[in-house]
Amino acid sequence: MKASRPDFGVGLTFDDVLLVPKFSDVKSRRDADTSTRFSRRIPLSVPVVSANMDTVTESSMAIALARLGGIGVVHRFLTVEEQVSEVLKVKRSEGVVIEDPIVLGPDRSVREAQATIRDRDIGGIVIVDGSRKVLGLLTRRDITLEDDLDRRVKEVMTPRSKLITARKGVSMEEAKKILHDNKVEKLPLLDGKGALAGLITSRDIMKRRQFPSATKDAKGRLRVAAAVGVKGDHMERARKLLDAGADALVVDIAHGHSAYAIDTLKEIKRELGDVEVVAGNVATKKGALDLVRAGADAVKVGVGSGSICVTRVVTGSGVPQLTAIMDCAAGAADSGVPIIGDGGIRNPGDVTKALAAGASSVMIGSLFAGTEESPGPTVLREGVRYKLTRGMASLAASVDRRVRETGGSGPREDELIEEVIEEGVPEGVEGLIPYKGRVDEVVKQLVGGLRSGMSYSGAHSLSELRKKAEFMRITSAGYKESLPHDIRMVM
Ligand code: XMP
């Protein structure tokens, strides 16, 4: 029998195509509305999500992204307590009213108060007795220059008799006036019995004005998502993250079109009730459809697309990202479940292409790993500042994970490296990425490019962009022409 020639599909990615310019009546970039959804029930005003990688998203990144109108996904390569604490920092960072302020007893030391203020990154602590009756307020300023760290907080706090407070249920306008008239920055709220019932801070009120498009929950707190795995402590982790106020869980597994991912998604939905769950990663129509059928509230798309991935090289598996997004968007279309295009974004134009192809948002790793808000210090190499980025399936990340799991008391590092290699070939790499300053500058570039891109397609909204977009496949000569050419670049 004659063997027939296999019918290969064609996979394209961002650099393979351009969007054909269309007639546009978009008068200004400001008229291009970038509002979208992260998941079924979480709206965003900018379609940008920070990746659940340990060199990208902890609380600082999640706070910055939510303020800008996107959302961050706190990675899971932390102990449950550490990850919960990162989520709490986001949820407590600002809100209309902080309902459960951080408190300390009057006999605790200044040392403990300093540690709490530093670890929780807050400006002050309400001092309460055993029945939560307010005894005073201790601010950063009260203790910064205190030499005697063994002093009791009751000796240095502003006592109740001098404290400005308000009753629970005070309106925001009234609260603002009280803060302003008394030149104070924190307003503890008391119930009828003098017990602590909340806290309003001038910093939060200012933040609300400064970031009008922030991604917030019904209580005015910044939104944050958090990743969980598919085995081990994943259910305990999921439960505690939700208790801490996480707005969505992201089931994080490299091959999301798998029994593991689908079972975990169903388990979370069954056991934890009405919770927003993002599932992934997949790269095919069937993969997206199966996750939607299993209950996903958003589908994360990208296999081997990331800048630090070597999955395609190591396994021979994957789908170029633009095709993956288009196929998955087709799979999820009838359900209305949003697609998150994860990985491979290098330029603002890639964001426009991903969204035009059917993604509702893009997830970004390494582009954000170089910013101030990513975890980890900057390093200096030949006078240039860098930050570290690494794949979560890289050798270094896997070894660090083991060290954390064993609490540092396990095998030596060289033994751990051997163990990790024995378990499987690493599917990620690690590298340095130039330091880029604050993440808002990077987001501004991405969103600015997107708005211009929408205007070139004649789109006032992202749904219009999807409808009007016309992709043209280009040749390598066309790609070369797209880049600056035939000049000596000066900047
Ligand atoms: P970018 O291109 O934005 O991609 O840096 C971020 C995404 O890459 C994925 N990721 C990995 N993929 N091996 C992989 O094959 C890895 O070690 C790895 N680490 C992260 C992930 O989806 C992330 O959001």
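Just follow the structure's listing: the first ligand is 1, and inside any ligand the first atom is 1. Bear in mind that the values here come from a model prediction, so they are computed numbers and not experimental data. Numbering starts at 1 and runs along the sequence shown.
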- Honestly, for Pro426 the part within reach of ligand 1 (heavy atoms, under 4.0 Å) is neither

- Query: Given Gly306, Ala227, Ser305, which one has a non-hydrogen atom that is nearest to atom 4 (O) of ligand 1?
  - Reply: Gly306

- Note on the structure: Here the atoms of ligand 1 under 4.0 Å from any heavy atom belonging to Ile308 are 8 (O), 10 (N), 11 (C), 18 (C), 19 (N), 20 (C)

- Query: Looking at atom 24 (O) of ligand 1, what's its closest protein heavy atom, distance included?
  - Reply: Asp342 OD1, 2.6 Å

- Item | Per-atom contacts of ligand 1 with Asn281, taking only distances under 4.0 Å to non-hydrogen atoms | 22 (O)

Using distance only, find each side-chain donor-acceptor pair of residues 290-298 under 3.5 Å and give its atom names and separation, not counting sequence neighbours.
{"from": "Asp290", "atom 1": "OD1", "to": "Lys286", "atom 2": "NZ", "distance (Å)": "3.1"}
{"from": "Asp290", "atom 1": "OD2", "to": "His257", "atom 2": "NE2", "distance (Å)": "2.7"}
{"from": "Asp290", "atom 1": "OD2", "to": "Lys286", "atom 2": "NZ", "distance (Å)": "2.9"}
{"from": "Asp297", "atom 1": "OD1", "to": "Arg40", "atom 2": "NE", "distance (Å)": "3.4"}
{"from": "Asp297", "atom 1": "OD2", "to": "Lys269", "atom 2": "NZ", "distance (Å)": "2.6"}
{"from": "Asp297", "atom 1": "OD2", "to": "Val277", "atom 2": "N", "distance (Å)": "2.8"}

- Which atoms from ligand 1 have a heavy atom of Ser366 less than 4.0 Å away? 1 (P), 3 (O), 5 (O)

- Got an N/O contact under 3.5 Å between Leu367 and ligand 1? no

- Message: Quick one, Val20 and Phe471 - any side-chain contact, counting heavy atoms below 4.5 Å?
- Response: no

- Message: With a 6.0 Å cut-off (strictly less than), is the heavy-atom count around NZ of Lys22, excluding the residue itself, greater than 12?
- Response: yes

- Go through the steps to decide whether Lys91 and Val224 satisfy the test side chain to side chain contact (heavy atoms under 4.5 Å, CB included), and finish with yes or no. CA-CA 8 Å; Lys91 298 310 287 186; Val224 59; 3.8 Å; yes

- Task: Check ligand 1 against Gly344 and write out every atom of the ligand that is under 4.0 Å from a heavy-atom position of the residue.
- Result: 1 (P), 2 (O)

- Query: Any side-chain heavy-atom pair from Asp327 and Thr284 closer than 4.5 angstrom?
  - Reply: no

- Under 4.0 Å from a heavy atom of Ala393: give me the atoms of ligand 1 that qualify, with their elements. 16 (C), 17 (O)

- Query: In the protein, what heavy atom is nearest to atom 3 (O) of ligand 1, and what distance, to one decimal place, separates them?
  - Reply: Gly365 N, 2.7 Å

- Query: How far is atom 9 (C) of ligand 1 from its nearest protein heavy atom, and which residue and atom name does that atom have?
  - Reply: Cys309 SG, 3.9 Å

- Message: Could you tell me if the side chain of Arg451 sits less than 4.5 Å from the side chain of Val26, heavy atoms only?
- Response: no

- Does atom OH of Tyr456 have more than 12 heavy-atom neighbours from other groups under 6.0 Å away? no

- Any Phe211 side-chain heavy atom under 4.5 Å of Asp440 side chain: no

- Query: For ligand 1, which atoms, with element, lie under 4.0 Å from some heavy atom of Ile364?
  - Reply: 3 (O)

- Query: Can you tell me which residue and heavy atom of the protein come closest to atom 5 (O) of ligand 1, and the distance to 0.1 Å?
  - Reply: Ser307 OG, 2.7 Å

- Query: Strictly under 4.0 Å, does any heavy atom of Gly302 approach an atom of ligand 1?
  - Reply: no

- Query: Relative to ligand 1, is Met53 under 4.0 angstrom through side chain, backbone, both or neither, heavy atoms considered?
  - Reply: side chain

- of all protein heavy atoms, closest to atom 15 (O) of ligand 1 is Thr311 OG1, 2.4 Å

- Compare all side-chain heavy atoms of Phe14 with those of Ile325 and state whether any distance is below 4.5 angstrom. yes

- Message: Can you name the atoms of ligand 1, numbered from 1 with element, that are less than 4.0 Å from a heavy atom of Ala51?
- Response: 24 (O)

- Task: With the side chain counted from C-beta on, respond yes when Asp400 and Arg390 share a heavy-atom pair under 4.5 Å apart, and no when they do not.
- Result: yes

- Note on the structure: Only one of Glu372, Lys387, Arg385 passes side-chain hydrogen bond (donor to acceptor under 3.5 Å, both in side chains) with Tyr435, and that residue is Glu372

- Nearest-neighbour protein heavy atom for atom 18 (C) of ligand 1, which is reported as residue plus atom name and distance: Met392 N, 3.5 Å

- Query: Does Lys300 reach ligand 1 with a nitrogen or oxygen that is under 3.5 Å from one of the ligand's nitrogen or oxygen atoms?
  - Reply: no

- Query: By number and element, which atoms of ligand 1 are closer than 4.0 Å to a non-hydrogen atom of Glu427?
  - Reply: 13 (N), 14 (C), 15 (O), 16 (C), 17 (O)

- Task: Would you mind reporting whether Arg92 and Asp121 have side-chain heavy atoms less than 4.5 Å apart?
- Result: no

